Number of protein chains: 2
Amino acid sequence: MEYTVQRLAKMAGISSRTLRYYDEIGILKPARINSSGYRIYGKAEVDRLQQILFYRELGVSLEEIKEIITSPNFNAINALREHREKLLTKRRQLDLLIANVDKTIALWEGRITMTDKEKFEGFKQKMIEENEEKYGKEIREKYGDEEVDKSYNKLKNMNKEEYDRVEKLSAAVLDTLKEAMETGDPSCEIAQKAADLHRQWLCCFWDKYTKEAHAGLAQMYVDDERFKAYYDKVKAGAAEFLREAILIYTGMKK
Amino acid sequence: MEYTVQRLAKMAGISSRTLRYYDEIGILKPARINSSGYRIYGKAEVDRLQQILFYRELGVSLEEIKEIITSPNFNAINALREHREKLLTKRRQLDLLIANVDKTIALWEGRITMTDKEKFEGFKQKMIEENEEKYGKEIREKYGDEEVDKSYNKLKNMNKEEYDRVEKLSAAVLDTLKEAMETGDPSCEIAQKAADLHRQWLCCFWDKYTKEAHAGLAQMYVDDERFKAYYDKVKAGAAEFLREAILIYTGMKK
DNA sequence: TATACACCTTTACGCTGCGTAAATGTCAAC
DNA sequence: GTTGACATTTACGCAGCGTAAAGGTGTATA
């Protein structure tokens, strides 16, 4: 009925370091310490460890676990509800991240594909199929169909009209960019209009516009040969010019 | 066109500490250092910072960002795809946590409510409504209806038959527990059967059974007066006896 | 010109939850 | 007496900075 660190650790499936750490932060102290300085745990400590591990499995922090189990009449279920809300907040943030990564990839692939004059419908289908092939099965199994389909929604729901708008904006960016380059000044009014058109184009894909994303994408235009080629067909140096205009537009440069 | 730390930081919306840190880890070094030791950043550094912030917004680690932007012909889009997979893995883990927290809450509330002889359907409806009232609106707006509805699925989909099974198991646990207590030994065969029945009952709610969760719940039976009352109606000390049996059943105690 | 004040520098601890040494003591068996 | 499996403590490391502390620099103003 008495356990040393290693014994208790083995039984509970954790490391002895963890038990020492729990002692250190005062969340689980041994029943007593023997003459050699060994930590000796008893029945009550086993029970307490159970609770700790239980909450730990639910992702509750040790600090909160401490509060829950040290105050005798602490409302554990309310603590779990609060914890649930925190987890949901985390998930929403994570979803935003994933959505933005998805859209960045789509944007990239899309521009390249469209540059190659592939059909829009074909492109959408292709993207979805590629995605499916790569990790669709695994995700659908573990995560459910709604989730996966949702990821493609934005893309699928973009109908012909919206596509035409995207195309018009694309053309307008190129036209305005060409005109602006004659002034040679990325901060001039026309260049800023080009940047604004580019933002509008970007917003066809992104739900949430941020300066950082916009400026980051502009930088990529210069770094990625395929993008650079797309814009440079207007005039040599157009990608760099657009980047400068966008950096000024987003307030990242003066 | 030249910036000190503070100026660049303000422009980019980050702290000067961050810029010093980026210098320290070699991800963004200043163009030069002036006679007083001040960091001076130029045009190229602004561009580089853009990229860093762009990837950072997508949740990419600084270490990976370093790899992406320092190797000139690194495939950024593949890096993003890999990153996307990592994010998806994270989300799946998070979903598992949330689902388990939900079920724990449901289990708890459920036992209490059922103890109070409320109707099962009423209980389900009540739980869902309460949830809706508390954080439904916010979540549905930001996260989409499918998500929220999915959370309630397990609960809703539990039909009358399944409910009957739960009730039978509940009764069987109590019966077997009563019988086992006459032996006075939580490790005896009958007591272990009670623990196993309890596990079966638990699995009606939890998708994923773990020893820790089982043992943790058993501990709660002793700590929470309402649970204790439920089991102690069999006989005084029944909650403790069941806990001991479960701790042995889950291998947490000998 | 002295002083105030904003800005710059470096060094270094803190957060979470342990993993992973390193250096050393203890217990049981051979 | 030695081996080997345990125990102990101290302490750095992880990511990405926040937040002092202790000091030098730049410049506008009284």
Side-chain angles (χ1 to χ4, degrees), chain A residues 2-42 45 49 51-69 83 86-87 90 93-94 97 212, chain B residues 2-42 45 49 51-69 83 86-87 90 93-94 97 212:
Chain A
E2 297 208 318
Y3 311 91
T4 61
V5 264
Q6 201 91 189
R7 257 195 238 286
L8 182 56
K10 209 164 274 174
M11 206 169 59
I14 59 177
S15 77
S16 54
R17 172 70 176 98
T18 300
L19 285 176
R20 279 190 264 271
Y21 181 63
Y22 288 174
D23 182 7
E24 187 186 331
I25 63 172
I27 197 175
L28 180 66
K29 293 199 169 297
R32 61 187 179 84
I33 299 204
N34 77 4
S35 57
S36 312
Y38 286 22
R39 275 166 254 255
I40 307 294
Y41 297 88
E45 286 70 35
L49 181 57
Q51 285 190 275
I52 294 172
L53 295 181
F54 173 72
Y55 287 111
R56 198 182 69 160
E57 282 238 335
L58 297 178
V60 182
S61 74
L62 295 181
E63 189 56 39
E64 286 175 317
I65 293 178
K66 195 174 177 180
E67 280 185 28
I68 295 175
I69 63 174
H83 181 58
K86 281 185 205 161
L87 291 178
K90 259 196 193 173
Q93 289 168 351
L94 200 54
L97 276 189
E212 288 77 15
Chain B
E2 297 208 316
Y3 310 91
T4 62
V5 263
Q6 199 94 183
R7 258 195 237 287
L8 182 56
K10 208 164 272 174
M11 206 168 60
I14 57 177
S15 77
S16 54
R17 172 71 176 97
T18 300
L19 285 176
R20 283 190 206 101
Y21 181 63
Y22 287 175
D23 182 8
E24 187 186 331
I25 63 172
I27 196 174
L28 179 66
K29 293 200 169 295
R32 63 189 177 83
I33 297 203
N34 77 4
S35 56
S36 311
Y38 286 22
R39 275 166 255 257
I40 308 294
Y41 297 88
E45 286 71 34
L49 180 57
Q51 286 190 274
I52 294 172
L53 295 182
F54 174 72
Y55 288 110
R56 198 183 67 160
E57 281 240 333
L58 298 179
V60 182
S61 73
L62 295 180
E63 190 57 39
E64 284 175 320
I65 294 177
K66 195 174 177 181
E67 279 185 28
I68 295 175
I69 64 175
H83 181 58
K86 281 183 206 161
L87 291 178
K90 259 195 193 175
Q93 290 169 350
L94 199 55
L97 275 190
E212 288 78 14

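In what follows, every chain begins at residue 1, and chains take the letters A, B, ... in the order their sequences are listed. Everything quoted here is computed from the prediction, not taken from an experiment.
- Of the two residues contacting DNA chain D, namely B:Asn34 and B:Glu63, the nearest-nucleotide position lying further toward the 5' end is that of B:Glu63.
- Nearest to the side-chain atoms of B:Arg17 among the listed nucleotides D:dT19, D:dT8, C:dT26 stands D:dT19.
- Between the side chain of A:Glu57 and the backbone N or O of A:Phe54 there is no donor-acceptor pair closer than 3.5 Å.
- The base of D:dG26 does not come close enough to the side chain of B:Tyr38 for any donor and acceptor atom to sit less than 3.5 Å apart.
- Residue B:Tyr22 places at least one side-chain N or O closer than 4.0 Å to OP1 or OP2 of D:dC17.
- A donor-acceptor distance shorter than 3.5 angstrom exists from the side chain of A:Lys66 to the backbone of A:Ile25, with no hydrogens or angles considered.
- Looking at A:Arg20 and A:Arg39, their side chains come closer than 4.5 Å, going by heavy atoms from C-beta outward.
- In the set C:dG17, C:dC18, C:dA12, C:dC18 carries the atom at the smallest distance from any side-chain atom of A:Arg56.
- In this structure, A:Tyr21 atom OH and D:dA11 atom C1' are separated by 14 Å, rounded to whole Å.
- Across the protein-nucleic acid pair, B:Gln6 atom CD and D:dT25 atom C1' stand 14 Å apart, rounded to whole Å.
- No engagement by B:Ser16 is indicated, since no non-hydrogen atom pair under 4.0 Å with the nucleic acid exists.
- Summarising the geometry, the separation between CZ on A:Arg20 and P on C:dG19 is reported as 11 Å, rounded to the nearest angstrom.
- If you take CD of B:Glu64 and P of D:dC14, they are 16 Å apart, rounded to a whole angstrom.
- When rounded to the nearest whole Å, the span between CD1 of B:Ile33 and P of D:dG24 equals 19 Å.
- Along DNA chain C, the nucleotide nearest to A:Thr18 and the one nearest to B:Ile40 differ in position, and the one closer to the 5' end is contacted by B:Ile40.
- One atom, CG of A:Leu62, and another, C1' of C:dC15, lie 13 Å apart when rounded to the nearest Å.
- The separation between B:Ile14 atom CD1 and D:dT19 atom C1' is 17 Å, rounded to whole Å.
- Looking at heavy atoms from C-beta onward, A:Tyr21 lies in side-chain contact with A:Leu62 at the 4.5 angstrom threshold.
- Checking C:dC18, C:dG19, D:dG26 against every side-chain atom of B:Ser36, the shortest atom distance belongs to D:dG26.
- The closest side-chain heavy-atom distance from A:Tyr55 to A:Ile69 is below 4.5 Å.
- Whole-Å rounding puts the A:Leu28 CG to C:dG17 P distance at 15 Å.
- OP1 and OP2 of D:dC6 both lie 4.0 Å or more from every side-chain N or O belonging to A:Thr4.
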